[in-house]
Amino acid sequence: MLAGGENFELDHFRPKHRFPELLNDFYNLYYSCHPCNHIKRDSWPPPALEQQGIYFVDLCKEDFATHFSIEKDGEWSGLTKPGKYTIDKLNLNRQHLVALRGLLERLGIYIHQGRVSEDVLNALTQDIDRLEGA
């Protein structure tokens, strides 16, 4: 479970080629899924976009609800220029991510209702495994 092409790894949020002084800065290392890390790679908005207030949202420093809304279908919508830029550049509405958000929402509902049993966790784990195989 959670291995292969959808595993997690460390990302230099501010790319090391553009911000070499942050190479070993703990606060610049973020947990990222493999696809997101490789989609982003070394990209960073050019200075002209940054001057317009367009940048990657830093969710370790900024509030999710300021930049994003969650639609009924599980997709995210950008509420701000940085939110839209982040969704577009990282392709955050990929089918796999939308499906995973739905599974996490179901788990949250089950936990809230006190219905989390070993059977429920096993079923959700199987759903996640199926997503990874897709």
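On a predicted model such as this, the values are computed, not experimentally measured, just so you know.
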Tell me, with the steps shown, if I87 and K84 meet side-chain contact (heavy atoms from CB on, under 4.5 Å).
-> CA-CA 5 Å; I87 290 169; K84 292 173 186 173; 5.9 Å; no

Rounded to the nearest 0.5 Å, what's the gap from NE2 on H67 to OG1 on T80? Could you check?
-> 4.5 Å

Could you grab the distance from atom OH of Y31 to atom SG of C36, nearest 0.5 Å is fine?
-> 13.0 Å

What about F64 and Y85, same hydrophobic cluster or not, with Ile/Leu/Val/Met/Phe/Trp/Tyr joined at side-chain heavy-atom distances under 4.5 Å?
-> yes

Step-by-step side-chain contact (heavy atoms from CB on, under 4.5 Å) determination, I39 to R94 = CA-CA 12 Å; I39 288 169; R94 297 188 308 273; 3.4 Å; yes

Main-chain N/O of R101 paired to E105 side chain as donor or acceptor, under 3.5 Å = no

Counting only heavy atoms not in Q95, do more than 12 sit closer than 6.0 Å to its CD atom?
-> no

Considering non-hydrogen atoms only, spot the tightest contact between F68 and L59 and give its length.
-> CE1-CD2, 4.1 Å

Any residue meeting side chain to side chain donor-acceptor pair (under 3.5 Å) with E71, in chain and number order, not counting sequence neighbours | S69, S77

Please list, one pair per line, the donor and acceptor atoms closer than 3.5 Å that link side chains of residues 12-21 to other protein atoms, with sequence neighbours excluded.
residue: H12; atom: NE2; partner: L23; partner atom: O; Å: 3.1
residue: R18; atom: NH1; partner: P45; partner atom: O; Å: 2.9
residue: R18; atom: NH2; partner: E50; partner atom: OE1; Å: 3.1

Evaluate the side-chain contact (heavy atoms from CB on, under 4.5 Å) criterion for residues C60 and Y27: first the C-alpha distance (whole Å), next the side-chain angles of each, then the deciding distance (0.1 Å), finally the verdict.
-> CA-CA 9 Å; C60 291; Y27 296 102; over 6 Å; no

Would L49 and Y55 satisfy side-chain contact (heavy atoms from CB on, under 4.5 Å), going step by step from the backbone distance to the final call?
-> CA-CA 7 Å; L49 285 182; Y55 56 89; over 6 Å; no

Do any N or O atoms from the side chain of T86 and from the backbone of V57 form a donor-acceptor pair under 3.5 angstrom?
-> yes

Under a single-linkage definition using a 4.5 Å side-chain heavy-atom cutoff for Ile, Leu, Val, Met, Phe, Trp and Tyr, are I109 and L103 assigned to the same hydrophobic cluster?
-> no

Do I111 and L100 belong together in a cluster built from hydrophobic side chains that touch within less than 4.5 Å?
-> yes

Establish whether L97 and Y30 are linked, either directly or via other cluster members, by ILVMFWY side-chain heavy-atom contacts under 4.5 Å.
-> yes

Please answer: with hydrophobic residues joined when any side-chain heavy atoms are less than 4.5 Å apart, are L92 and V98 in the same cluster?
-> no

Quick one: CG on L10 to CG on L29, what's the gap to the nearest 0.5 Å?
-> 5.5 Å

